[in-house]
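Reviewing the structure listed below.
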Amino acid sequence: MSFYSICKELNEAPLDTIFASITEADVRRALAAPSCSREDFLALMSPAAVPLLEEMAQKASRLTQQHFGRTIHLFTPLYLSNYCSNHCVYCGFNAKNKIVRSQLELDQVEAEAKAIATTGLKHLLILTGESRKMATPEYLDQCMEILRKYFPSVSIEIYAMEEDEYAHLVEGGVDGLTIYQETYDEELYDKLHPKGPKKDFCFRLDAPERGCNAGMRVVNIGALLGLGDWRKDAVITGMHASYLMDKFPETDISVSLPRMRPHAGGWQPATIATDRDMVQIMLAYRIFRPRVGITVSTRENAAFRENILPLGVTKMSAGVSTKVGGHAVDDEDSVGQFDISDDRSVDEMCAMLRSRGFQPVFKDWEPIFDEAAGGV
Amino acid sequence: MREESFEIGGLKLKSRLFTGTGKYADDSVIPGVCEASGSQVITVALRRVDLESDTGNVMDFIPKDMQLLPNTSGARTAEEAVRIAKLARAMGCGNWIKIEVISDNKYLLPDGYETAKATEILAEDGFVVLPYVNADLYIARSLVDAGAAAVMPLGAPIGTNRGLKTKEMVRILIDEIDLPIIVDAGIGRPSEACEAMEMGADAVLVNTAIATASDPIMMARAFGQAVEAGRAAYLSGPGAKHSMAQASSPLTGFLSEG
């Protein structure tokens, strides 16, 4: 069984009717329960929970501090390539968009790695557009040989792969996989992905599970909030995370809450997830699964990122550029995947975190995969 | 009074409170915690150690006179724990190692079988091995056979601050295992640390309860005092418990007079 059967069931369930039937008393019961069931999670995600956000925040904050302390794990993305073979209507890298396409040469990868390493960051997320023809598995291997000299932890956010391909990357030092379903609404997914390999809903949906099977230490999932009904997508994301946590107890499962941002394609979101909605989702995730990692990117603005710090966040990006390179290799013509809202440097992020009583954590992993990678 | 001595790996320790380095809002509080608690042993997750960092490293905040107890947090198998331990030694963290092998991220319960395997390999390799395990007599016996320097049973799952939930099992380990028993994980209040010490535990390890307190230094002091009080109570031989009231001036005392 894969998550698909659960996803299908949730897509067919009358979620609106279920949400409408949930009362404030149900939410209070969910908040008082020693552990949060799926029904409790739905209650926390329902409109009836909105007046109780402060109570939810108090509980979520306590749980976060208990399980993660007052620490925030920092990382930064490195865009290796923006070639893409997909036609996702909401993405700046869409194959049809007339943007400058580029891919880092290996010496440029090294220059980028050195520049990022000088900021002190030790956790890197490498991204490519979804062109397997350009950012080939062999190219990724070559990049990893360089990057693992500088970073004890490297995650990937690339096109969906087969399990043996993920396993090969794990052997090469990749220890984390980020892959977003974009929307869990299968019908909408089909419309938003008119062409390209990403059109295969199930292959994408099962990619996190293949990553877990392949030995990825950290697997991060999410929906791009705003593509469809944010509440439905957030609920199914939470269920997906919970499914993975139960099936792969040895893997660290994280969720991201990306919201649609302006981008080169000009396509605009169907629905808007407000700050209040974002907070409700985050609190519900934390209470539902207290040990799930929660990532907040620089899609969100500085003030919002600061205000949600105590609510459940465990990972944040810092010193971000969504252009190919962007740290040492500066191509003025290059276009980012989306516009960021928080362009603070790593130092500025650290100063902010400390001023708010949080410790920025740069290094949270020691590579132990094999001797070639520096293990003993 | 019983002789008061506490020795692990050839090192005599006065303090029976071990502390940790995780979860602090700011690592600069660590020296104050060490001083206030009186602790002499401090555990640190090797995965967080970054000796190359110019921007601050947890090791910079650990007082030089503390006994370092690197842990294998992140290890999911015995093999990974062994690799981390060897890496810690190669990095200059000494030969003490706290074995943590956890492959269940929901409850963070230790894998006893893998822990015993790692303990055997590392003890043979000259490490002073302190394994973190469930409070289980059979696992504890296998650790004795494997060459552990102490046994560290959990009081409750890591980070829960739920107290000494495994009290009866820990009591059995104290009675049966001829190694120091250090209650690790779950202790949330100084009174609970005191209770473990009163029972006869040799030491306790406390991290979350101190690190997440509003005033970690004051809480560290409270734990230090509680551990001392509990130890003193244990050594003093507390009176027996009775279900009925016991008069301090017995009614039949006259029978032995004259």
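Every heavy atom of this structure was used, including side-chain atoms; hydrogens, water molecules and symmetry mates were not. Letters A, B, ... mirror the listed sequences (proteins, then strands); counts begin at 1.
Note: Asp50(B) leads Thr208(B), Ile158(B), Asp50(B) in heavy-atom pairs under 4.5 Å with chain A. Top candidate by heavy-atom pairs under 4.5 Å with chain A, chosen from Leu46(B), Ile102(B), Thr160(B), is Thr160(B). The most heavy-atom pairs under 4.5 Å with chain A, out of Ile84(B), Asp104(B), Val58(B), come from Asp104(B).
For residues 112-126 of chain B, heavy-atom neighbours of chain A at less than 4.5 Å comprise no residues at all. Identified by a heavy-atom distance below 4.5 Å to chain A, contributing residues of residues 34-41 of chain B are lacking entirely.
One finds the OG atom of Ser153(A) at 10.0 Å from the CZ atom of Arg47(B) (value rounded to the nearest 0.5 Å). Within the model, atoms CZ of Arg62(A) and CG of Asn161(B) stand 12.0 Å from one another, a figure rounded to the nearest 0.5 Å. Here the OG atom belonging to Ser73(B) is positioned 8.0 Å from the CH2 atom belonging to Trp365(A), to the nearest 0.5 angstrom.
With a threshold of 4.5 angstrom between heavy atoms, Thr212(B) approaches chain A through its backbone and through its side chain. Contacts of Arg356(A) with chain B are absent, with no heavy-atom separation under 4.5 Å from either backbone or side chain. Both the backbone and the side chain of Asp27(B) come within contact range of chain A, judged by heavy atoms closer than 4.5 Å.
The closest donor-acceptor contact from the side chain of Asn105(B) to the backbone of Thr251(A) lies under 3.5 Å. Proximity of a side-chain donor or acceptor of Lys23(B) to a complementary backbone N or O of Gln66(A) within less than 3.5 Å is detected. With hydrogens and angles ignored, the 3.5 Å screen pairs a side-chain donor or acceptor of Gln359(A) with a backbone N or O of Tyr24(B).
The side-chain heavy atoms of Leu108(B) and Arg291(A), taken from C-beta on, include a pair separated by under 4.5 Å.
Of all heavy-atom pairs between Met216(A) and Arg76(B), the closest is O-NH1, 4.3 Å. Of all heavy-atom pairs between Ala25(B) and Gly357(A), the closest is CB-O, 2.9 Å. Here the shortest heavy-atom pairing between Lys363(A) and Val49(B) reads NZ-O, 2.7 Å. The minimum heavy-atom distance linking Arg48(B) with Asp364(A) is given by the pair NE-OD1, 2.9 Å.
Shown here is Arg344(A), whose CZ atom has more than 12 heavy atoms of other residues, nucleotides or ligands within 6.0 Å. The neighbour count for Met169(B) CE, taken as heavy atoms of other residues, nucleotides or ligands under 6.0 Å away, does not exceed 12. Counting non-hydrogen atoms of neighbouring residues, nucleotides and ligands closer than 6.0 angstrom, the NZ atom of Lys59(A) exceeds 12 such neighbours.
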Stepwise side-chain contact (heavy atoms from CB on, under 4.5 Å) test for Glu366(A) and Leu87(B): CA-CA 9 Å; Glu366(A) 187 62 45; Leu87(B) 192 58; 3.0 Å; yes
Salt bridge (Lys or Arg N to Asp or Glu O under 4.0 Å), that's the test. Do Asp26(B) and Arg354(A) meet it? Break it down for me. CA-CA 7 Å; Asp26(B) 188 336; Arg354(A) 290 193 181 103; 5.5 Å; no
